[in-house]
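In what follows, every chain begins at residue 1, and chains take the letters A, B, ... in the order their sequences are listed. What's counted below: heavy atoms across the whole structure, side chains too, no hydrogens, waters or symmetry copies. The structure displayed is predicted, hence computed values, not measured ones.
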2 protein chains.
Amino acid sequence: MILSKTTEYALNVLAFMATRNKEMYPADYLCKELKIPRQYLKRLLTDLSKKGFITSIRGRNGGFIFSRDLSTINFLHVIEAMEGPEAMNTCLLGFTACIVDHPCVMHDLWTKARSKMTETLTNTSFADLKNKYDKDKKSIAQIIIH
Amino acid sequence: MILSKTTEYALNVLAFMATRNKEMYPADYLCKELKIPRQYLKRLLTDLSKKGFITSIRGRNGGFIFSRDLSTINFLHVIEAMEGPEAMNTCLLGFTACIVDHPCVMHDLWTKARSKMTETLTNTSFADLKNKYDKDKKSIAQIIIH
DNA sequence: ATAATATACTATAAAAAGGTAGCATTTTAT
DNA sequence: ATAAAATGCTACCTTTTTATAGTATATTAT
């Protein structure tokens, strides 16, 4: 499963923000915690806020917060926002003409297997992530290591 | 699902070679049929032969043929050979430290969903692909459109 | 007011992926 | 032998992705 580094960063940032209980996440703080290149992360954060996942607050004491309830954002939302709406919908063989009317040889098999995955990505919101994190924290010392 | 273009080309070429009944596939022929950039494809074919999927035969009347039985090559083999052995095994959140001892928050869920997919890729050999192609060819006019 | 601390923007550099061109080498039909 | 037809190799170019630097703008504690 290969997502672009940028998408991984995005999921990483949002997962971090979702599981901590801070009121505000300044870029520099996130940068330090997640070891993502400073300027690149800043641009990513601006991008994520333009995409409606987080809200930016400028000025002293500013930073970023989620702009809507964690339960309304799932993993597929983020992946598709970053990689394009068709990212999880492409033909395994790369045939542009592989569509319902003219499926390629792998079509049925692939669609079935892939849908299992996107199902998971759709059914998991960042609220679920937070719940799991809060629950597991008690038993496992370090869940996200960074 | 995002594979690199090169990996898509690789699957495309091998799927094509597996389903046609030619004795030999010269690079120029594959290039014309599959519309993959000529020189790039040549390099890819050399690469695929070095990786043991196909054998190159030089000189007049040369070209490429599968170097082993179609039933011994599955889709995961090719994807991992192209993208690296860990390609289908990476953490969704991109945490390098997400391992069995210290799983990340998404680990269980993700591993489960993903394994459904790799299972399909493992269980489908290029012989299966050929069988499916031969069977479907009768009912669907054009299965692989290019 | 002003200094401190944020994000926003723009331009550019570096690295990786994708693609091109030309020539060398190998094989075989003639 | 030789020409044709194939792969092999190397160097380079283009595009995309990732990363950096510097400056502008906004907000607020003091």
Side-chain angles (χ1 to χ4, degrees), chain A residues 2-14 17 22-67 79 81-84 86-87 90 94 96, chain B residues 2-14 17 22-67 79 81-84 86-87 90 94 96:
Chain A
I2 306 115
L3 297 174
S4 73
K5 217 164 188 179
T6 308
T7 303
E8 270 187 11
Y9 286 161
L11 291 172
N12 208 162
V13 167
L14 295 178
M17 287 175 63
K22 303 262 179 195
E23 301 212 333
M24 188 66 68
Y25 298 87
D28 279 353
Y29 171 67
L30 291 170
C31 164
K32 214 183 62 189
E33 292 290 325
L34 300 173
K35 309 224 161 39
I36 298 172
R38 219 175 92 92
Q39 298 292 352
Y40 199 64
L41 174 59
K42 281 183 175 184
R43 231 189 340 194
L44 172 60
L45 288 166
T46 301
D47 188 37
L48 285 173
S49 81
K50 278 180 179 159
K51 280 171 175 154
F53 298 117
I54 55 180
T55 298
S56 75
I57 291 149
R58 295 178 74 157
R60 193 165 180 165
N61 297 348
F64 297 86
I65 46 170
F66 272 97
S67 52
I79 292 176
M82 299 302 297
E83 307 265 351
E86 284 306 309
T90 58
T96 48
Chain B
I2 307 114
L3 297 173
S4 72
K5 218 164 188 178
T6 308
T7 303
E8 271 186 11
Y9 286 161
L11 292 172
N12 209 162
V13 168
L14 295 178
M17 287 175 64
K22 303 263 180 195
E23 300 211 334
M24 187 66 68
Y25 298 88
D28 279 354
Y29 171 67
L30 291 170
C31 163
K32 214 183 62 190
E33 292 290 324
L34 299 173
K35 309 224 163 39
I36 299 172
R38 219 175 91 92
Q39 298 292 353
Y40 200 63
L41 174 59
K42 280 183 175 184
R43 232 186 343 190
L44 172 60
L45 288 166
T46 302
D47 188 37
L48 286 173
S49 79
K50 278 181 179 160
K51 281 172 174 152
F53 298 116
I54 54 180
T55 298
S56 74
I57 292 149
R58 296 179 74 159
R60 194 165 177 164
N61 295 351
F64 297 87
I65 47 171
F66 272 97
S67 52
I79 292 176
M82 299 302 296
E83 307 265 352
E86 286 305 309
T90 58
T96 48

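In this structure, A:F64 places its CZ atom 13 Å from C1' of C:dT5, rounding to the nearest Å. Distance, B:M24 CE to D:dA6 P: 11 Å, rounded to whole Å. Taking atom CD1 of residue B:I65 and atom P of nucleotide D:dA6, one finds them 15 Å apart after rounding to whole Å. Remark: C1' of C:dA8 and CG of A:D28 are 14 Å apart, rounded to the nearest angstrom. Atom-to-atom, CG of B:L3 to P of C:dA17 comes out at 14 Å; the value is rounded to the nearest Å. Atom CG in A:L30 sits about 18 Å away from atom P in C:dT5, given to the nearest Å.
Within 4.0 Å (heavy atoms only), A:Y29 reaches no atom of the nucleic acid at all.
Applying the salt bridge (charged side-chain N to carboxylate O under 4.0 Å, His left out) criterion to B:R43, with sequence neighbours excluded, gives no partner residue. With sequence neighbours left out, B:K50 forms a side chain to side chain donor-acceptor pair (under 3.5 Å) with no residue at all. In this view, B:K32 satisfies the salt bridge (charged side-chain N to carboxylate O under 4.0 Å, His left out) rule with no residue, not counting sequence neighbours. Residues forming a side chain to side chain donor-acceptor pair (under 3.5 Å) with B:N61 (at least two apart in sequence, or on another chain): none. By the side chain to side chain contact (heavy atoms under 4.5 Å, CB included) test, B:T6 pairs with B:S4, B:Y40, B:L44, B:M82, sequence neighbours left out. Not a single side chain to side chain donor-acceptor pair (under 3.5 Å) links B:R58 to another residue, sequence neighbours left out.
The stretch residues 36-50 of chain B touches DNA chain C through B:P37, B:Q39, B:Y40, B:R43, each having a heavy atom within less than 4.0 Å of the strand.
The minimum heavy-atom distance between A:S49 and A:S56, with the atom names listed, is CB-N, 4.2 Å.
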With a 3.5 Å cut-off and sequence neighbours excluded, list the donor-acceptor pairs that the side chains of residues 22-30 of chain A form with protein atoms.
residue : atom : partner : partner atom : Å
A:Y25   : OH   : A:M17   : O            : 3.1
A:Y25   : OH   : A:R20   : O            : 2.9
A:Y25   : OH   : A:K22   : N            : 3.1
A:D28   : OD1  : A:R38   : NH1          : 2.6
A:D28   : OD2  : A:R38   : NH1          : 3.1

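Judged purely by atom type and a 3.5 angstrom limit, A:T7 has no side-chain atom pairing as donor or acceptor with the backbone of A:I79.
The phosphate of D:dA19 has OP1 or OP2 within less than 4.0 Å of a side-chain N or O from A:Y9. Distances shown here put every side-chain N or O of B:S56 at or beyond 4.0 Å from the OP1 or OP2 atom of D:dT7.
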Polar atom pairs (N or O), protein with nucleotides 27-30 of chain D, under 3.5 Å:
residue : atom : partner : partner atom : Å
D:dT27  : O2   : A:R60   : N            : 3.0

